[in-house]
Amino acid sequence: MRVLDFTRREPSLHLQPGGFVTEAGETNPAAIGATMRLSRYFLPILKETPREAEIVSHRLALRAGLIRQESAGIYAWLPLGLRVLNKICAVIREEQNRSGAVELLMPTIQSADLWRESGRYDAYGKEMLRITDRADREMLYGPTNEEMITEIFRGYVRSYKALPLNLYHLQWKFRDEVRPRFGTMRSREFLMKDAYSFDLDKESARHAYNRMFVAYLRTFDRLGLKSIPMRADTGPIGGDLSHEFIILASTGESQVFCHKDYLDFPVPGADTDFDSVEGLSTIVSKWTSLYAATEEMHDQAGFDAIPEASRVSARGIEVGHIFYFGTKYSEPMKAVVAGPDGVERPVHMGSYGIGPSRLVPAVIEASHDEAGIIWPDAIAPFDAAILNLKPGDSATDRVSGEIFEALRTRGLDALIDDTDERPGGKFATADLIGLPWQIIVGPKGLADGKVELKRRATGERMTLTPAEAVERIAG
RNA sequence: CGGGGUAUAGCGCAGCCUGGUAGCGCGGUAGUUUUGGGUACUACAGGUCGCAGGUUCGAAUCCUGCUACCCCGACCA
C-alpha cells in the first residue's frame, strides 16, 4: 500500500550569497514527497553483469539500475541515476553561482546559419549531428554553444559597463562520436555545464578564467573527488589559459603525470572572495606551480625534475575543461562592446565545461568496491537505506518509519527497503547501490531496542538505539 | 574510420559444425519452506531464434544481403 505524505513543507527558495539553496540547505530538488519505499520505487537492479559492460563504473551503473542503454552512446536515466545526476548538477550550480556566473538555458537544436558565421559548420565534421526540419532548413543538435551564446551576447550588450559577464547553462548535447563507450563516460548524448565569460580585455578575461578555475576546484572537492588541474593544449590561441581537471582512477582513460603534493593541496573555502583579482591569482598560481600534465602535454624532462618519491604517474579521467579563446568567436560574429574610450572592440571570451553525465561514472570509478558503489555523501541518491528485515512485523515496520521521519526532519532522505526479499538479498542490494549509511532494523536487534548502523564506505558497524543512529547520521 | 566479434525468454548463456520446429541458470508468478549476508523444493508463465531473401519435404542450424550492438585501434568532455 502506497502511503502518500503531503505534509512535508515545500522548500522555499531564497537568495543567499552563494545562490539559490533550499530552506534545509538541500541540494536535491527531487527530495520532496512521499515516504520512499523500495517496494513502490523503480530500482531495477541486475544480479548478473550485462555483457556489454567492460569497465567497473559501466557495470555498476547498469547493475545498480542507474542507466539503461537505448542506442549506442545514448542512455535513459533511471530514477536512482537521475537523483545522482540532479545532485551533481545542484552542486555545480551552487559553485557556478557562488563564483558570479549567471544561469540561463539555451536550446539543444541550433541553426546551421549560426555556425556558418563562425566558420565551424564546415569545420566540425561528422561529429556534428546535422538534421533538416520540414521546411528543409539546415539544423543541428548542438555539440557546444559558443556561437549561440555569442549571438545572444551581441544582441544585447554594447558597453563595457555590462562586463564582466559569465553566462552558463546545463543542457544536453550531442556529439556523434565514432566510438562511444564505457556507458555514460563517453556517450554521444551527454549533459554538460558550459559557461562562457565575456570581458573587455585579456587581463580581465584572465580573472574570469581564475574564477572558474577556483569554482572547479571547489565543485570537484564537494563531489568527493580529488581533482588536479593540468595544462591542456590551447591550440592556435596559445598561452597558458587552458586546463583540464583530472581525477585519478586506476581505470582512467588516459595516462597522467603530476607532483604528489597536489593530492594534499587545501581546496579554497566557501568564503573565497571571487572578486579579489589578487586572491584568485594567488590560488591559481599555487595550483599551477607544480608539474601536472596529461599524456598529450607530457614533458618527460620536466617530470624527471621532480624528486622520484613525489612523482605520480597514474590513470586519470577528465571531468572538466576550461579555456580562454580570446576573440575567436567575437571577431567573426561581431560581438563588440564600447570601452571607456568609446572605441568598439571584440570581447574576450572563455568557455568552461563540466560533464555531469560523465561525472556519475567518474565518481563510481573513484569510489567503489567488490560489492558495489560507494557514493560520496554529497551526491548519494539517498542519504541512507533503512533495511526493514521483516516487513509486516509491527515493530520493524514502526521503527523503520520512525527513523525515516526522523531523518526527514533533519533534512535527510532515506530509502526504506520494505520488500519481502530475504535479509541477505537486502544487504547485497544496499551494498550495490552504495548509499552512505545502512540502518538495519530487524526483530533480533529490536528485542533490545537496538538497530544496526553500517557505514558503507568503511564497513564499520554500530549497534545503537534508533535515536542514536539518526543522531550519528545527521550529526 | 580500419581490424575483430556477437545477435536464441527480462538478464547471463547452451544448441548451429553433423537441418527434423528450442533448452539451462538467474529473474518473474503461485505455493510450501526458510528468516540477520543473494534459502531449498514444486508447479506455472514467458521466445515470429535481429531483419529480408534463398536452398530444402523441412532452417535457430546451410547460403546471400541488410541492420543493430560490443571489443581493439585512431579520435574526443
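All figures in this text were calculated on a predicted structure; none of them were measured in a lab. Throughout, protein chains are lettered first and strands after them, A, B, ... in sequence-line order, and every chain is numbered starting at 1.
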Item to check | Among G37(B), C71(B), C75(B), the nucleotide that comes nearest once only the side chain of E54(A) is considered | outcome: C71(B)
Checklist entry - What interatomic distance, in whole Å, is found between P of C16(B) and the corresponding atom of U61(B)? => result 12 Å
Checklist entry - How many Å lie between CD1 on I440(A) and C1' on G37(B), as a whole number? => result 10 Å
Next on the checklist: Could you tell me how far G47(B) sits from C41(B) if I compare only their P atoms? Round to whole Å.
Outcome noted: 26 Å
Item to check | Shortest side-chain distance from E177(A), nucleotide among C26(B), G38(B), C75(B) | outcome: C75(B)
Checklist entry - Within 45° of the ring axis of W437(A) and under 6.0 Å from its six-membered ring centre, is that where the NZ or CZ of R455(A) lies? => result yes
Next on the checklist: Need the pair for G20(B). Rule: Watson-Crick or G-U wobble, both distances under 3.5 Å, any strand; none if unpaired.
Outcome noted: C57(B)
Item to check | d(CD, E244(A); P, C76(B)) in whole Å | outcome: 10 Å
Next on the checklist: Between C17(B) and U64(B), how far apart are the two P atoms, rounded to whole Å?
Outcome noted: 15 Å
Next on the checklist: With a 4.0 Å limit, can you tell me whether K390(A) has a side-chain N or O closer than that to the phosphate oxygens OP1/OP2 of U35(B)?
Outcome noted: no
Next on the checklist: I'd like to know if E421(A) reaches the base of G38(B) with its side chain, counting only an N/O donor and acceptor under 3.5 Å.
Outcome noted: yes
Item to check | Span that lies between the P atom of C71(B) and that of C26(B), in whole angstrom | outcome: 28 Å
Checklist entry - Between atom CZ in R51(A) and atom P in U8(B), what is the gap in whole Å? => result 7 Å
Item to check | Whole angstrom value for the distance that separates C1' of C70(B) from CZ of R59(A) | outcome: 15 Å
Checklist outcome for this item: From the candidates U34(B), G36(B), C72(B), the one with an atom nearest any side-chain atom of R181(A) is C72(B)
Item to check | Nearest-nucleotide pick for E52(A), side chain only, options being G73(B), G12(B), G37(B) | outcome: G12(B)
Item to check | Interatomic distance where CD belongs to E70(A) and P belongs to G10(B) [whole Å] | outcome: 15 Å
Item to check | For atom CZ of R63(A) and atom C1' of G10(B), their distance in whole Å | outcome: 16 Å
Checklist entry - Can you check the R179(A) CZ to C69(B) P distance for me, whole Å? => result 13 Å
Checklist entry - Would the number of heavy atoms belonging to other residues, nucleotides or ligands and lying under 6.0 Å from NZ of K173(A) be above 12? => result yes
Checklist entry - Under the side-chain hydrogen bond (donor to acceptor under 3.5 Å, both in side chains) test, which residues partner S39(A), sequence neighbours left out? => result D418(A)
Next on the checklist: Within the 4.0 Å heavy-atom criterion, would you say G442(A) contacts the bases, only the backbone, or no part of the nucleic acid?
Outcome noted: base
Checklist entry - Is A7(B) paired to anything, Watson-Crick or G-U wobble with both distances less than 3.5 Å, and if yes, which nucleotide? => result U67(B)
Checklist outcome for this item: Ranking C69(B), U39(B), C71(B) by distance to the side chain of S71(A), first place goes to C69(B)
Checklist entry - Picking from C76(B), G36(B), G38(B), which would you name as closest to the side chain of R175(A)? => result C76(B)
Checklist entry - Does NZ or CZ of K286(A) lie under 6.0 Å from the centre of the six-membered ring of F265(A), at an angle within 45° of the ring axis? => result yes
Next on the checklist: Once you measure the plane-to-plane angle for W172(A) and W77(A), does it fall in the parallel (<30°), tilted (30-60°) or perpendicular (>60°) bin?
Outcome noted: tilted
Item to check | Geometric class of the Y209(A)/F213(A) ring pair [parallel <30°, tilted 30-60°, perpendicular >60°] | outcome: tilted
Checklist entry - Hey, does the side-chain of R358(A) have a donor or acceptor N/O within less than 3.5 Å of a partner on the base of C76(B)? => result no
Next on the checklist: Taking the P atom in each of C76(B) and A68(B), what is the distance between them to the nearest angstrom?
Outcome noted: 25 Å
Checklist entry - When you measure from every atom of RNA chain B, which of residues 449-458 of chain A have a heavy atom less than 4.0 Å away? => result E452(A), K454(A)
Next on the checklist: Applying the Watson-Crick and G-U wobble criteria at under 3.5 Å, what pairs with G73(B)? Answer none if nothing qualifies.
Outcome noted: C1(B)
Checklist entry - Does a side-chain N or O from K47(A) land closer than 4.0 Å to OP1 or OP2 of G27(B), or not? => result yes
Checklist entry - Which listed nucleotide (G37(B), C1(B), U39(B)) is nearest to the side chain of K126(A)? => result C1(B)
Checklist entry - When rounded to the nearest Å, what value does the distance between C1' atoms of U48(B) and U21(B) take? => result 13 Å
Item to check | Between P of A68(B) and CD1 of I74(A), the distance in whole Å | outcome: 12 Å
Checklist entry - Where does the angle between the aromatic ring planes of F303(A) and Y291(A) fall among parallel (under 30°), tilted (30 to 60°) and perpendicular (over 60°)? => result tilted
Next on the checklist: By the 4.0 Å heavy-atom rule, please label A72(A) as base, sugar-phosphate, or nothing.
Outcome noted: sugar-phosphate
Checklist entry - Should the pair R83(A) and F382(A) be classed as cation-pi, given the thresholds of under 6.0 Å to the six-membered ring centre and 45° from the axis? => result yes
Item to check | From C75(B), G37(B), G12(B), nucleotide with atom closest to D431(A) side chain | outcome: G37(B)
Checklist entry - Does the base of G37(B) carry an N or O that pairs as donor and acceptor with the side chain of R461(A) under 3.5 Å? => result yes
Next on the checklist: For H169(A) and Y196(A), take the angle between the two ring planes, folded into 0 to 90°, and tell me which bin it lands in: parallel under 30, tilted 30 to 60, perpendicular over 60.
Outcome noted: tilted
Checklist entry - When you compare G73(B) with C63(B), how far apart are their P atoms, in angstrom units rounded to a whole number? => result 31 Å
Checklist entry - Is the centre of the Y324(A) ring less than 6.0 Å from the centre of the Y352(A) ring? => result no
Next on the checklist: Taking the P atom in each of G23(B) and C49(B), what is the distance between them to the nearest angstrom?
Outcome noted: 14 Å
Next on the checklist: Applying the Watson-Crick and G-U wobble criteria at under 3.5 Å, what pairs with A43(B)? Answer none if nothing qualifies.
Outcome noted: U29(B)
